[in-house]
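The structure appears right after this line, and notes come after that.
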Amino acid sequence: PVDEIAIRLGSLATVGINPDVKLYSVTPDCDAPEPTEFVAWKSFEIDGDPALTSVRGGETIEYTIHVRNTGSVNISGVNITDELPEHTTFVESADGTLEDGTVTFTGIDVPVGETVSVSFLVTVDEDLTGVTEIFNVALVQAGDDDEGTPTFPPSSEDPNEPDDSGDTGTVIPVDLIQATLEVTADNAVADGGAENEVTVTVLTAGGSPVAGEEITFTITYPDGTTATETVTTDAEGKAVLPITSTTAGEATIEAVVRGT
């Protein structure tokens with residue numbers, strides 16, 4: 001009886017031995033999405049002439065916004081908003097829409113290493129009295145939570161490249177002028193043929209002559225009649241108006257340059 005009990009205990013002890021239990025933790029290997037990287041800038045062309053860098057009033061400006069993907073992932077769904085610059089009027093855009101004074105471009109895709117451009121046209125106010133520059137900046141949004149990245153100006157050497165060395169925003173200077181009106185020939189005989197003469201000289205603020213500027217003259221003759229003439233300044237910035245009259249007396253001449 002004793003031996004039987006011992007065997008049973010031994011068997012029980014053997015059955016109670018279990019292998020070691022090893023627990024393993026699993027950590028998912030998830031890489032963070034690569035950030036979108038881009039540079040954006042805005043170039044301009046005045047009256048279709050790449051050589052022009054300033055405005056006087058009445059010009060047409062084509063603004064072009066460039067977005068270059070400098071990262072390693074494609075960018076999709078880019079939105080651009082651009083509030084119209086002061087002293088301009090919207091004309092058209094093949095790519096964007098105008099609402100409440102803001103041009104908007106949506107759903108733009110920019111592949112890696114590529115540059116995508118959109119544009120719009122504005123006209124500059126005729127009267128720029130007291131205005132020294134036309135300033136404009138667009139905001140480029142690369143995602144729904146993106147508050148927008150302001151555009152840089154273009155490179156002074158190549159408008160298809162950005163100038164990201166300084167402040168954002170594109171500035172077009174206003175070519176300030178000064179005009180003088182003087183009587184250059186006086187006291188002609190009132191015979192309808194002899195000529196008096198008035199001259200308007202138009203110079204930039206730096207003293208350079210402004211050619212091609214239209215001057216509107218309004219003449220009030222001694223008999224009270226009036227006439228309007230338009231003369232364009234020559235290479236010396238001068239617009240000369242000859243005046244004849246069949247009535248003796250004083251004539252009054254008013255000259256208007258760029259609305260003033």
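Note that this is a predicted model, so its numbers are computed, not measured.
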With a 6.0 Å cut-off (strictly less than), is the heavy-atom count around [atom1] of [X], excluding the residue itself, greater than 12?
{"X": "E99", "atom1": "CD", "value": "no"}
{"X": "E86", "atom1": "CD", "value": "no"}
{"X": "E197", "atom1": "CD", "value": "yes"}
{"X": "E37", "atom1": "CD", "value": "yes"}

[atom2] on [Y] to [atom1] on [X], rounded to 0.5 Å:
{"X": "L121", "Y": "T88", "atom1": "CG", "atom2": "OG1", "result": "11.0 Å"}
{"X": "F90", "Y": "D82", "atom1": "CZ", "atom2": "CG", "result": "10.5 Å"}
{"X": "T60", "Y": "D49", "atom1": "OG1", "atom2": "CG", "result": "12.5 Å"}
{"X": "N196", "Y": "S245", "atom1": "CG", "atom2": "OG", "result": "8.5 Å"}
{"X": "S208", "Y": "L203", "atom1": "OG", "atom2": "CG", "result": "8.0 Å"}
{"X": "H87", "Y": "E126", "atom1": "NE2", "atom2": "CD", "result": "14.5 Å"}

Quiz item: Testing V67, N79, I65 for side chain to side chain contact (heavy atoms under 4.5 Å, CB included) with F105, which one passes?
Solution: I65

Does any part of the side chain of [Y], heavy atoms only, come nearer than 4.5 Å to the side chain of [X], both counted from C-beta?
{"X": "I243", "Y": "Y221", "answer": "yes"}
{"X": "D234", "Y": "V240", "answer": "no"}
{"X": "I134", "Y": "F44", "answer": "no"}
{"X": "I219", "Y": "L241", "answer": "yes"}
{"X": "V200", "Y": "E213", "answer": "no"}
{"X": "K238", "Y": "T233", "answer": "no"}

Nearest atoms (heavy-atom pairs only) where [X] meets [Y]:
{"X": "V202", "Y": "A179", "value": "CG2-CB, 4.2 Å"}
{"X": "S54", "Y": "I46", "value": "O-CD1, 3.5 Å"}
{"X": "F38", "Y": "T149", "value": "CZ-OG1, 3.7 Å"}
{"X": "P173", "Y": "T53", "value": "CD-O, 3.2 Å"}
{"X": "Q141", "Y": "G148", "value": "CG-CA, 3.7 Å"}
{"X": "A142", "Y": "I75", "value": "CB-CG2, 4.3 Å"}

Quiz item: Passes side chain to side chain contact (heavy atoms under 4.5 Å, CB included), L98 versus L84? Steps please.
Solution: CA-CA 9 Å; L98 176 71; L84 290 178; 3.9 Å; yes

Quiz item: Hey, any chance V137 and V122 share a hydrophobic cluster, counting ILVMFWY side chains that come within less than 4.5 Å of each other, even indirectly?
Solution: no

Exercise. Apply side chain to side chain contact (heavy atoms under 4.5 Å, CB included) to T151 and V140, showing your working.
Key: CA-CA 7 Å; T151 51; V140 180; 4.1 Å; yes

Exercise. Just do the side chain to side chain contact (heavy atoms under 4.5 Å, CB included) check on I172 and I61 with the steps written out, would you?
Key: CA-CA 10 Å; I172 302 177; I61 301 175; 3.7 Å; yes

Quiz prompt | Under 3.5 Å donor-acceptor, N69 side chain and G71 backbone | solution = yes

Quiz prompt | N74 side chain to V112 backbone, donor-acceptor under 3.5 Å | solution = yes

Exercise. Scan for ring pair (Phe, Tyr, Trp, His ring centres under 6.0 Å) pairs involving residues 49-70, sequence neighbours excluded, and state none if there are none.
Key: W41-H66, Y63-F120

Quiz item: side-chain hydrogen bond (donor to acceptor under 3.5 Å, both in side chains): which pairs involve residues 153-164, sequence neighbours left out?
Solution: R68-E161, D163-S165

